[in-house]
Amino acid sequence: MKAVLIDEKTKALSWSDVPNPTLGDDDCMVQIHAAALNRADLMQRAGQYPPPPGCPDWMGLEIAGVITEMGEGAKAKSSWKIGDKVCALLGGGGYAEYANIKYDMLMPIPEGCDFVEAAALPEAFATAYLNLFHEGGLKAGDTLLMHAGASGLASVIIPMAKAFGARVITSVISDDMAKAIEHLGADLIVNTKTQDIAKILEAEKEAGRPVDVAIDCLGGDMCGRCLPFMRYGGRWIMIATLAGDMTEVDLRKLYVVNVRLIGSTLRSKSPEFKAKLLGELVEKVWPKVTTGEVKPTIYKVLPITEAEEAHAILERGENVGKVVLTVQH
């Protein structure tokens, strides 16, 4: 089969021949029709985010496709059948024609979704659900701050939070991006190029609307400046540091307001935890996908042979929503 490989010296991507996956007893072989991009792919390409032990060297955390083979354990322990259309969360290896995946990492494609939309669900939706509800303890009536509102992850987190009754504040870096994400339903969109997000959060707190949960993929100076304006007992969740690894924090305000600063990555969680999380997604979120309350926003679809250009779109930060690669068979 073929997969997208990274040249060790130049970091260039190539659609190259690799050995076929070896089907394990508890595995299902999935013929991949679409694979969605994540910023973790860019980090892996740069050598900063290696795949977990046992995963292929090539990138790809979320895919959609069709089951073509099943191990005996997978047949006995699950209700999956050959021919089922599925989407899946992977530790890596989605940029390829096939992947062998443990049966409990598979999810049915929600009714009304095609392969492209379904490929954009597993990683983003699992990350959103993990941080909103497991790490953040979000409840109806809470206020969520989601930075980088034009990102693929925000295109899931914002409508998911709204669907479960939260108020949402998000940040972008231009008026054009603000207009492009209006359909997501955020209550307040802040253009950080022209507005001071910390002062806005201070005003929100003074008006009785402090942030209960923040999901931050930016970090940098803005993180430390915004932390003091959380609600008492608020949760600030760091999932990446695209704007910088360092910030200055007023520790006294942190403990006086009982704010919890939480680091979170989905990829490092155990397979058992991930399987439980995916089960909760199917039970609690898939019905909202079917009704259209929560849907992935697809920015661009490219053939997998153009993975280089797909990565460039993310590098340039031009995408509003998810970029998805399609695989022809």
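Values below: all heavy atoms of this structure, side chains included; hydrogens, waters and symmetry mates excluded. Remember, it's a predicted structure, so these values are computed and weren't measured experimentally.
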[X] atom [atom1], neighbour heavy-atom count above 12 within 6.0 Å:
| X | atom1 | result |
| --- | --- | --- |
| K85 | NZ | no |
| R316 | CZ | yes |
| K276 | NZ | no |

Heavy-atom check, side chain of [X] versus side chain of [Y], under 4.5 Å:
| X | Y | result |
| --- | --- | --- |
| R39 | S151 | no |
| S264 | L130 | yes |
| L37 | H311 | yes |
| F229 | V211 | no |
| K295 | P159 | no |
| E315 | L42 | yes |
| P296 | L121 | yes |
| L314 | D41 | no |

Could [X] and [Y] be called an ion pair, given the rule that one side-chain N must be under 4.0 Å from one carboxylate O?
| X | Y | result |
| --- | --- | --- |
| R167 | E204 | yes |
| D196 | R225 | yes |
| E202 | K199 | no |

Euclidean distance, [Y] [atom2] relative to [X] [atom1], rounded to 0.5 Å:
| X | Y | atom1 | atom2 | result |
| --- | --- | --- | --- | --- |
| W80 | M70 | CH2 | CE | 9.0 Å |
| L278 | F125 | CG | CZ | 12.5 Å |
| D245 | L242 | CG | CG | 9.5 Å |
| L227 | E248 | CG | CD | 12.0 Å |
| N38 | T127 | CG | OG1 | 7.0 Å |
| E123 | L89 | CD | CG | 5.5 Å |

[X] side chain vs [Y] backbone, donor-acceptor pair below 3.5 Å:
| X | Y | value |
| --- | --- | --- |
| T10 | A12 | yes |
| E308 | L13 | yes |
| K274 | R267 | yes |
| R260 | N258 | no |
| D84 | I67 | no |
| D142 | A166 | no |
| D212 | T143 | yes |
| D27 | L23 | no |
| T247 | G224 | yes |
| K269 | T265 | yes |

Distance-minimising heavy-atom pair for [X] and [Y]:
| X | Y | value |
| --- | --- | --- |
| L184 | I158 | O-CG2, 3.6 Å |
| E293 | A163 | OE1-CB, 4.2 Å |
| T170 | A148 | OG1-C, 4.5 Å |
| K322 | G152 | CD-CA, 3.9 Å |
| V156 | A128 | CG1-CB, 3.8 Å |
| I197 | C226 | CG2-SG, 3.8 Å |

Between [X] and [Y], is there shared hydrophobic-cluster membership here, with clusters defined by ILVMFWY side-chain heavy atoms closer than 4.5 Å?
| X | Y | value |
| --- | --- | --- |
| V249 | W236 | yes |
| V323 | L61 | no |
| Y95 | I101 | yes |
| L218 | L144 | no |

With side chain to side chain contact (heavy atoms under 4.5 Å, CB included) as the test, would you mind laying out the steps for E69 and Y98 before giving the verdict?
-> CA-CA 11 Å; E69 294 180 60; Y98 291 88; over 6 Å; no

Derivation and outcome, side chain to side chain contact (heavy atoms under 4.5 Å, CB included), residues K193 and D175 = CA-CA 9 Å; K193 290 294 184 184; D175 289 337; over 6 Å; no

Side chain to side chain contact (heavy atoms under 4.5 Å, CB included) between L281 and W286, worked out = CA-CA 6 Å; L281 267 185; W286 262 215; 4.2 Å; yes

Validate the cation-pi geometry between K288 and F164: distance from NZ or CZ to the six-membered ring centre under 6.0 Å, angle to the ring axis within 45°.
-> yes

Output all residues satisfying side chain to side chain contact (heavy atoms under 4.5 Å, CB included) with K2, sequence neighbours left out; order by chain, then residue number.
-> W15, D17, E97

Quiz: residues 106-118 side-chain donor-acceptor pairs under 3.5 angstrom, not counting sequence neighbours:
| residue | atom | partner | partner atom | Å |
| --- | --- | --- | --- | --- |
| D114 | OD1 | V116 | N | 3.2 |
| D114 | OD1 | E117 | N | 2.8 |
| E117 | OE1 | D114 | N | 3.2 |

Counterpart residues, salt bridge (charged side-chain N to carboxylate O under 4.0 Å, His left out), relative to K179 (two or more places apart) = none

Do I157 and N131 pass the side chain to side chain contact (heavy atoms under 4.5 Å, CB included) test, and can you show the C-alpha distance, the side-chain angles, and the key distance before you say yes or no?
-> CA-CA 9 Å; I157 284 180; N131 291 300; 5.5 Å; no

